[in-house]
Amino acid sequence: MKVIITDCDHENIDIETKVLNEAGIEFELKCARTEEEVIEQCGGADIFIVQYARISEKVMEALPELKYVVRYGVGVDTVDVEAAERHGVQVGNVPDYGMNEVADHALAMMLMLLRKVYMMDRFTKSFGWDYTKAIPVHRFCEQTVGVAGMGRIGRNFAKKASAIGFRVIGYDPQMKQGDRIGEAEIVSFEDLVSQSDAISLHCPADGNRDLFDWKVFEQMKDSAVLINAARGGIINEQDLDKALREGIIGGAALDCMNSEPMAPDSPIFENENLIVTPHMAWYSEEAAMELKRKVAKESVRFAQGLPIHYPVNRLEGGRYYE
Ligand SMILES: NC(=O)C1=CN([C@@H]2O[C@H](COP(=O)(O)OP(=O)(O)OC[C@H]3O[C@@H](n4cnc5c(N)ncnc54)[C@H](O)[C@@H]3O)[C@@H](O)[C@H]2O)C=CC1
Ligand SMILES: O=C(O)C(=O)COP(=O)(O)O
């Protein structure tokens, strides 16, 4: 079988090269992102390792030899998973490479907001010396953190937030209110929104477009902060901009945005109580290496007819490692 790495932002592909070479698997690296680029440049492969390349139904129709698409990452937003099912294409991801990193990043942004570090950093560097600009800051152990999405990353985040001393509540449509999942008590969406001093999003984009919009912001405490290290689109950014400007909520931190890179003229970035990072919550040197090793190893398993560890769709007759 032949592997094509359709696109890769990482600095080098030494790890992928080593794993695929050791298994004797032929592979090529391309630089294809759009449907057209993928169709033009990536014909003849059984397996795609993709980062941001768009693998649509059109691509699958044009490249019928394609059997397996594995993504460098958790989210498979750029792959049409339903079409893959129709075309008999197995889709895979790496769900467990950066669970600590994303939880740590969300936590770091949340602590910066709650302790007003971001704001005091700017103020102090412009030769201001006045902590009262940060008022009010509250004791962590008297505050409640809400986790929307209690999957792998959400549970990890809940554990870390609880270790710091926060009361932690969680909402997840797959979980029952009143249950305890790890460190969090499961509550209704309404309770999560109205009781939390900070809300961290850890749910997928699929099915959750504009989950946090004006109506929800109005139910939040006016001092509450919102953290998104999940996906852009879960928050309605126009409504968030308005909520930040009008003091409907206390602040926000976005690692993920609707448009990435963000639209340069978006007024949301004028808000002083907003922190942004460039979709980097997943990143650490260690996570990047783990990710590269795992996508390559999954490709080798598929090529050798062995069960893969991380199926996203379940094809009839597919082979999965349970
Ligand atoms: N910023 C970054 O660098 C990274 C972001 N991510 C994103 O983080 C998110 C979470 O990843 P995982 O924890 O691995 O996923 P997961 O699949 O383990 O957990 C997601 C959970 O969200 C729940 N959920 C679905 N709709 C919901 C809703 N409306 N409200 C509350 N919960 C809801 C699901 O029931 C599930 O339990 C994904 O969107 C993923 O793409 C993942 C890695 C890196
Ligand atoms: O693993 C994921 O889903 C991530 O969000 C990591 O970032 P990316 O999707 O590669 O921009």
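Quantities reported herein were computed from a predicted structural model and do not represent experimental measurements. For the single chain, residues carry numbers from 1 onward in sequence order. Numbering of ligands and ligand atoms starts at 1, following listing order.
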*For atom 3 (O) of ligand 1, what is the nearest protein heavy atom, given as residue, atom name and distance?*
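Ranked first by proximity to atom 3 (O) of ligand 1 is Trp282 N, 3.0 Å.
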_Counting non-hydrogen protein atoms only, what is the nearest one to atom 39 (O) of ligand 1? Give residue, atom name and distance._
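Checked against all protein heavy atoms, atom 39 (O) of ligand 1 sits closest to Cys203 O, 3.1 Å.
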*Taking atom 25 (C) of ligand 1 as the point of reference, which of Gly233, Pro204, Gly149 owns the nearest heavy atom?*
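Minimum heavy-atom distance to atom 25 (C) of ligand 1 goes to Pro204.
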Please state whether the rings of [X] and [Y] are parallel, tilted or perpendicular, taking 30° and 60° as the class boundaries.
| X | Y | result |
| --- | --- | --- |
| Tyr72 | His10 | perpendicular |
| Phe302 | Tyr68 | parallel |
| Tyr321 | His309 | tilted |

*Would you say Phe157 and Ile275 are hydrophobically clustered, going by side-chain heavy atoms of ILVMFWY under 4.5 Å?*
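In one cluster: yes.
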*Would you say the side-chain atoms of Arg167 and Thr144 include a donor-acceptor pair closer than 3.5 Å?*
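The criterion, which ignores hydrogens and geometry beyond distance, is satisfied for Thr144 and Arg167.
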*Quick one: does Gly73 get an N or O within less than 3.5 Å of an N or O on ligand 2?*
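Not met; the criterion fails.
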Which atoms from ligand 1 have a heavy atom of [X] less than 4.0 Å away?
| X | value |
| --- | --- |
| Tyr171 | 30 (N), 31 (C), 32 (N) |
| Ala229 | 1 (N), 2 (C), 4 (C), 5 (C) |
| Asp255 | 1 (N), 2 (C), 3 (O) |

